[in-house]
Structure formats: structure tokens, C-alpha cells
Amino acid sequence: MNPQSQALTAVLQTLENASRLNRRPPARLLAVSKTKPAEAVAALATLGQRAFGENYVLEGVAKAQALAALGLEWHLIGHLQSNKCREAAETFDWVQSLDREKLIAPLNRFRPESRPRLNVLIQVNVDGEASKSGCEPADVAALADAVAAAPRLQLRGVMAIPEPSPDFGRRRDAFQRVRAIYEAMRTQHPGVDTLSMGMSEDYLLAVEEGATMVRVGSLLFGKRG
């Protein structure tokens with residue numbers, strides 16, 4: 001078994017074990033492939049991983065086109081500029097980083113009729129970090145309503161990147177606040193089913209606090225330069 005196969009097996013087993021402990025279905029694994037070449041994505045795909053996350057629209061578009069024959073699922077997890085909405089809507093299966101109303105109309109307009117509705121998560125800046133994208137928690141409900149009203153978009157839930165504090169107690173608190181936002185959304189929109197939070201160093205903690213999807217990069221692809 002090669003190192004990448006071992007890494008994927010270890011992460012999936014950890015998710016499976018956590019699901020048993022928490023009596024929930026296993027969280028979905030999103031492999032974060034930003035800055036990694038298409039060949040690295042293809043190698044992981046041959047091991048069974050199907051969903052990949054990209055931070056930059058054009059980088060993601062290039063990889064999706066290069067690997068189109070593999071039928072992979074592509075998620076945009078980085079900040080979306082309004083002038084990239086056409087490319088995002090035409091290429092990605094999910095946009096996890098919708099954080100302002102002005103993105104909704106162009107994503108809806110440019111989503112091809114020939115494709116399923118674009119899955120959307122509302123990104124919330126739960127810790128109020130100035131350097132982070134994401135809407136204020138108080139704005140989530142209105143954004144969710146607007147996404148749900150767009151015929152070519154499918155509201156799926158919430159995404160967050162809490163402050164990477166060395167204090168895991170603070171991280172747990174942040175995950176709990178995101179979970180509360182997600183649960184409030186579910187009461188208004190019963191079809192919502194995805195809470196995306198947790199990365200390589202804290203994904204297990206995120207699963208303990210209710211994540212249904214985790215975004216793991218360095219554990220699968222190695223450290224980025």
C-alpha cells in the first residue's frame with residue numbers, strides 16, 4: 001500500500017470510527033486539492049475518492065477539464081469573486097463559499113439548464129476574523145432564503161473555517177456555534193443536510209460536534225510548499 005493509499009484509508013477509517021461513537025452517518029470526505037497538480041488528483045481518484053475541493057476558480061476549472069473523463073465532483077471552497085461566477089456556475093458541482101447576496105443572481109443565471117442545480121453552502125465567519133471570508137451569523141437566514149428562492153441553485157447548508165486557535169476548547173466552541181446556525185437553517189429549510197467544517201488538524205473534533213463533511217488536504221496530499 002503506497003503512502004497516499006495509507007493516508008486515505010486512515011482518514012476514512014477515522015471518520016467511520018467517529019460515526020459509530022457519535023451514532024451518526026460517516027461525514028463525507030472532501031479532498032482539498034488546491035495547488036496540487038491534476039495528476040495528484042487523478043492518483044487519489046483511482047483509490048476511490050470522488051469529491052475534491054479547490055480554492056481558486058480558474059485552477060479548479062483547469063483541473064475539472066483535464067480530468068473530465070473521471071466524472072469527479074468539484075467543490076469551490078475559496079472566496080468567490082463576482083466576476084468569476086460564470087466559470088464557477090458552469091464548472092463546479094458545489095459552491096461552499098457563498099457569503100453575500102450579489103453572488104446569487106449570477107450563479108443562478110449562469111448555471112446551465114443541462115446540469116443539475118448548483119449545490120450551495122452559506123459560508124459564515126463565525127469568529128468575526130477580518131482576514132476571513134464569510135457572512136456575519138446574523139445574515140445567514142436572509143442569504144439562505146435568497147438561495148432557496150433561486151431556481152437553478154440548491155441550498156444544502158453551512159460552511160465555516162473557525163479561527164485556527166491552538167486552544168482546541170475554543171475551536172470546539174466555534175464548531176458548536178456553527179452547528180447551532182446549521183440547525184436553525186434546517187428548521188426553516190428542511191432539505192438542508194450539509195455542515196462543512198473541520199480540516200486536517202481538527203476534522204475529528206468537527207465530526208464530534210456534528211460536521212457532515214470535512215475538508216482534508218495535507219493529510220492526503222502532503223504539506224503544501
Residue list, side chain to side chain contact (heavy atoms under 4.5 Å, CB included) with Arg172, at least two apart or on another chain: Gln176, Leu205, Glu208, Glu209
side-chain hydrogen bond (donor to acceptor under 3.5 Å, both in side chains) against Asp193, all qualifying residues, sequence neighbours excluded: Arg156
Going by the ring pair (Phe, Tyr, Trp, His ring centres under 6.0 Å) test, which pairs reach into residues 166-189, not counting sequence neighbours? none
Glu87 CD to Leu76 CG distance, which is reported to the nearest 0.5 Å: 11.0 Å
Just by modelled atom types, is the Pro112 backbone N or O under 3.5 Å from a matching donor or acceptor in the Arg152 side chain? yes
Pairs touching residues 91-118 that satisfy ring pair (Phe, Tyr, Trp, His ring centres under 6.0 Å), sequence neighbours left out: His75-Trp94
I'd like to know if the side chain of Asp145 reaches the main chain of Ala142, judged simply by a donor and an acceptor atom lying under 3.5 Å from each other, with no hydrogens or angles considered. no
Contacts of Ala40 meeting side chain to side chain contact (heavy atoms under 4.5 Å, CB included) (sequence neighbours excluded), chain-then-number -> Lys36, Pro37, Phe221
Using the side chain to side chain donor-acceptor pair (under 3.5 Å) rule, collect all pairs that involve residues 99-115, keeping only residues at least two apart or in two chains. Asp93-Arg115
Leu219 CG to Leu8 CG distance, which is reported to the nearest 0.5 Å: 11.0 Å
Does Thr187 reach the main-chain N or O of Ala184 with its side chain, forming a donor-acceptor pair under 3.5 Å? yes
Pairwise distance CG(Leu220) to CG(Leu29) - rounded to 0.5 angstrom: 5.5 Å
Salt bridge (Lys or Arg N to Asp or Glu O under 4.0 Å) partners of residues 60-71, not counting sequence neighbours, each pair once: Glu54-Lys63, Glu59-Lys63
Measuring from Leu118:CG to Leu155:CG, what's the distance to the nearest 0.5 Å? 11.5 Å
Less than 4.5 Å apart, side chain to side chain, heavy atoms only: is that true for Arg171 and Glu163? no
For Leu98 and Leu121: C-alpha separation, side-chain torsions, deciding distance, then whether side-chain contact (heavy atoms from CB on, under 4.5 Å) applies. CA-CA 6 Å; Leu98 191 143; Leu121 301 182; over 6 Å; no
May I ask you to check whether over 12 heavy atoms, not counting those of Arg50, lie within 6.0 Å of atom CZ? yes
Gap separating the CD atom of Gln49 from the OG atom of Ser5, nearest 0.5 angstrom: 12.0 Å
More than 12 heavy atoms from other groups under 6.0 Å of CD on Gln188: no
For Thr46, which residues count as a side chain to side chain contact (heavy atoms under 4.5 Å, CB included) partner, sequence neighbours excluded? none
Nearest heavy-atom neighbours spanning Ala160 and Val178: CB-CG2, 3.7 Å
Sub-4.5 Å side-chain heavy-atom contact between Gln123 and Cys135: no
Is there a path of hydrophobic side-chain contacts, each under 4.5 Å between heavy atoms of I/L/V/M/F/W/Y residues, joining Leu204 to Met197? no
Residues Ser196 and Gln96: side-chain donor-acceptor under 3.5 angstrom: yes
Where is the tightest heavy-atom contact between Leu30 and Gly53, given as atom of each residue plus distance? CD1-N, 3.7 Å
Quick one, Met213 and Leu195 - any side-chain contact, counting heavy atoms below 4.5 Å? no
Can you name the nearest heavy-atom pair linking Leu107 to Ala88, along with the distance? CD2-CB, 4.3 Å
Are the charged groups of Glu183 and Arg186 less than 4.0 angstrom apart, N to O? yes
Residues which pass side-chain hydrogen bond (donor to acceptor under 3.5 Å, both in side chains) with Arg177, listed by chain and number, not counting sequence neighbours: Asp127, Asp173
So if you build clusters from Ile, Leu, Val, Met, Phe, Trp, Tyr with side-chain heavy-atom gaps below 4.5 Å, do Leu103 and Tyr56 land together? no
Atom pair SG (Cys85) and CD (Glu90), whose distance is rounded to the nearest 0.5 Å: 11.0 Å
What pairs with Glu136 under salt bridge (Lys or Arg N to Asp or Glu O under 4.0 Å), at least two apart in sequence or on another chain? none
Quick check: does any side chain N or O of Asn22 sit under 3.5 Å from a backbone N or O of Ala18, one acting as donor and the other as acceptor? yes
Glu16 and Pro26: which non-hydrogen atoms are nearest, and at how many Å? OE1-CG, 3.4 Å
Are Asn55 and His79 close enough, and set up right, to give a side-chain contact (heavy atoms from CB on, under 4.5 Å), and what steps lead you there? CA-CA 7 Å; Asn55 271 45; His79 178 69; over 6 Å; no
For Gln13, side-chain hydrogen bond (donor to acceptor under 3.5 Å, both in side chains) partners two or more places apart: Asn17
Would you please name every residue forming a side chain to side chain contact (heavy atoms under 4.5 Å, CB included) with Asn83, sequence neighbours left out? Gln81
When you look at Val216 and Val32, which way does the side-chain contact (heavy atoms from CB on, under 4.5 Å) test go after all the steps? CA-CA 6 Å; Val216 176; Val32 178; 5.9 Å; no
Arg28 and Thr212: side chain donor to acceptor below 3.5 Å: no
Which atom of Ala27 lies closest to which atom of Ala211, heavy atoms considered: CB-O, 3.7 Å
Before you tell me yes or no, could you show the steps for Val158 and Met185 under side-chain contact (heavy atoms from CB on, under 4.5 Å), namely the whole-Å CA-CA distance, both residues' side-chain angles and the distance that decides it to 0.1 Å? CA-CA 8 Å; Val158 176; Met185 184 186 289; 3.5 Å; yes
Give the minimum heavy-atom separation between Ala31 and Leu44, together with the two atoms involved. CB-CD2, 3.8 Å
Is Leu67 reachable from Phe52 through a run of hydrophobic residues whose side-chain heavy atoms are each under 4.5 Å from the next? yes
Given side chains that start at C-beta, do those of Val41 and Ser33 come closer than 4.5 Å, heavy atoms only? yes
